[in-house]
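One-based numbering, in listed order, for ligands and for the atoms of each. Position 1 is the first residue of the sequence, and the numbers go up from there. Note: hydrogens, waters and symmetry copies are ignored here, and every other heavy atom, side chains too, is used.
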Amino acid sequence: MKYIKPLVIAEVGCNHMGDMEIAKEYIKIASIFCKVDVVKFQKRNNKEYLTDQQYNAPHINPHHSYGHTYGQHREALEFNVNQHKELKKTCEELGLIYSTSVWDLTSAKEIAELEPDLIKIPSACNNNYKMLAWLAENYNGEIHVSTGMTRSDEIEEIVQLFEHKKRNNDLIIYSCTSGYPVPFKDVCLLEIVKLREKYNTRVKTIGFSGHHNGIAVDIAAYTLGATHIERHFTLNRTWKGTDHAASLEPDGIRRLKRDLDSTYDVLSYKETQILEIEQVQRDKLKYKG
Ligand SMILES: C=C(OP(=O)(O)O)C(=O)O
């Protein structure tokens, strides 16, 4: 297998808690301290994405909720398209790629207007075929689709949709287990190998979206062939919200990027049977009896 340099995506998601200053702080830290490649957010048009019943459902959890109903909670965490434009600009000023996942057609259209390099479809919405088809026809960048909570026939349907639109060269599918956090026994990393074997020639590449603890799993995911590694990013795992606890803090994201880059460096064969570094040791240490 030929390894390409891993791309690390720090998924802020809604961990900014609806505050633009905090969102920009994430971008700064991701660039200057963690040195990742991509910072990712989320975009929802909640009234479109949720049914009335879901929107109006009570959402009372002192450590998670930002409103009395699920709709109010989601609205409090939402940025409008102009705010996303500002976040994209901040990313670009700091040398990062901006991305967001889109959860409904309106959000997809709004974000596509900003012309980001890539747009993500979360596992929860990869069955919104209208949105997938619209993106395949109208958006020119890469489309990254996560496959948590998705059967293999449904993944096949997604890939075929992009093939029919002749957009499979821009399609990246992510192995993912949807759970927050995911226990190790449910990470099922060999799904990456399965996706690679089945789709290697039919999509651009395979990614991994992880929700487990620590960073060892991500190194293994890359070694198994996932070129894009996405992890949730928080400034503080104890902050209020559903995703903070299953996220990495800045030092975790920094180490993730550093260790993935080192893994890329080590995944090679020896160019000569005895490397230069070894020759010195060979002369000194080899048994000369
Ligand atoms: C929820 C998301 O992704 P995943 O399904 O990969 O967790 C997202 O990108 O917003």
Side-chain angles (χ1 to χ4, degrees), residues 7-18 23 26 30 36-46 48-50 54 64 70 73-74 77-79 84 87-88 91 97-108 110-112 116-128 131-132 135 139 141-151 154-155 158 171-183 186-189 191-192 195 203 205-213 217-218 221-222 226-234 241-248 253 256:
L7 195 106
V8 178
I9 300 153
E11 153 71 324
V12 175
C14 296
N15 283 348
H16 49 68
M17 300 172 295
Y26 274 107
V36 296
D37 307 285
V38 181
V39 173
K40 188 181 150 291
F41 297 92
Q42 298 180 358
K43 179 85 184 88
R44 292 173 180 80
N45 179 11
N46 292 304
E48 182 177 335
Y49 163 62
L50 299 169
Q54 287 172 312
H64 289 159
Y70 189 60
H73 163 75
R74 291 256 56 105
L77 297 171
E78 200 53 45
F79 289 144
H84 276 272
L87 294 175
K88 179 169 180 278
C91 283
I97 297 171
Y98 154 94
S99 176
T100 183
S101 54
V102 292
W103 292 64
D104 53 84
L105 183 58
T106 302
S107 299
E110 285 181 336
I111 294 298
D117 292 347
L118 64 104
I119 286 181
K120 168 112 183 282
I121 312 296
S123 304
C125 305
N126 67 17
N127 55 343
N128 185 341
M131 174 168 74
L132 294 180
L135 282 166
Y139 166 67
E142 281 181 359
I143 301 164
H144 296 204
V145 180
S146 206
T147 62
M149 309 174 280
T150 309
R151 294 192 311 261
E154 295 170 324
I155 298 175
I158 295 164
L171 175 64
I172 298 177
I173 48 175
Y174 283 58
S175 177
C176 174
T177 296
S178 302
Y180 307 90
V182 178
D186 290 329
V187 172
C188 303
L189 218 52
E191 291 296 322
I192 292 170
L195 288 177
V203 301
T205 178
I206 306 295
F208 172 66
S209 172
H211 305 290
H212 48 276
N213 289 323
V217 168
D218 307 278
Y222 173 65
T227 57
H228 291 54
I229 306 292
E230 177 180 320
R231 292 296 308 273
H232 280 270
F233 180 28
T234 182
T242 46
D243 287 344
H244 294 289
S247 302
L248 294 170
I253 294 281
L256 173 70

- Item | Test item: side-chain donor near acceptor, Thr177 and Asp186, under 3.5 Å | no
- Message: My understanding is that only residues two or more places apart in sequence, or in another chain, count here; which of them pass salt bridge (Lys or Arg N to Asp or Glu O under 4.0 Å) with Glu230?
- Response: Lys40, Lys120
- Query: Can you list the residues that meet the salt bridge (Lys or Arg N to Asp or Glu O under 4.0 Å) rule with Glu48, with sequence neighbours excluded?
  - Reply: none
- Message: Heavy-atom contacts with ligand 1 below 4.0 Å: which residues, ordered by chain and residue number?
- Response: Glu11, Lys40, Gln42, Ser101, Trp103, Lys120, Pro122, Ser123, Ser146, Cys176, Ser209, His211, Glu230
- Message: Is the distance from the ring center of His16 to that of Tyr26 below 6.0 Å?
- Response: no
- Message: I'd like to check the salt bridge (Lys or Arg N to Asp or Glu O under 4.0 Å) partners of Arg231; sequence neighbours left out, ordered by chain and number.
- Response: Asp218
- Passes side chain to side chain contact (heavy atoms under 4.5 Å, CB included), Asp104 versus Arg44? Steps please. CA-CA 6 Å; Asp104 53 84; Arg44 292 173 180 80; 4.3 Å; yes
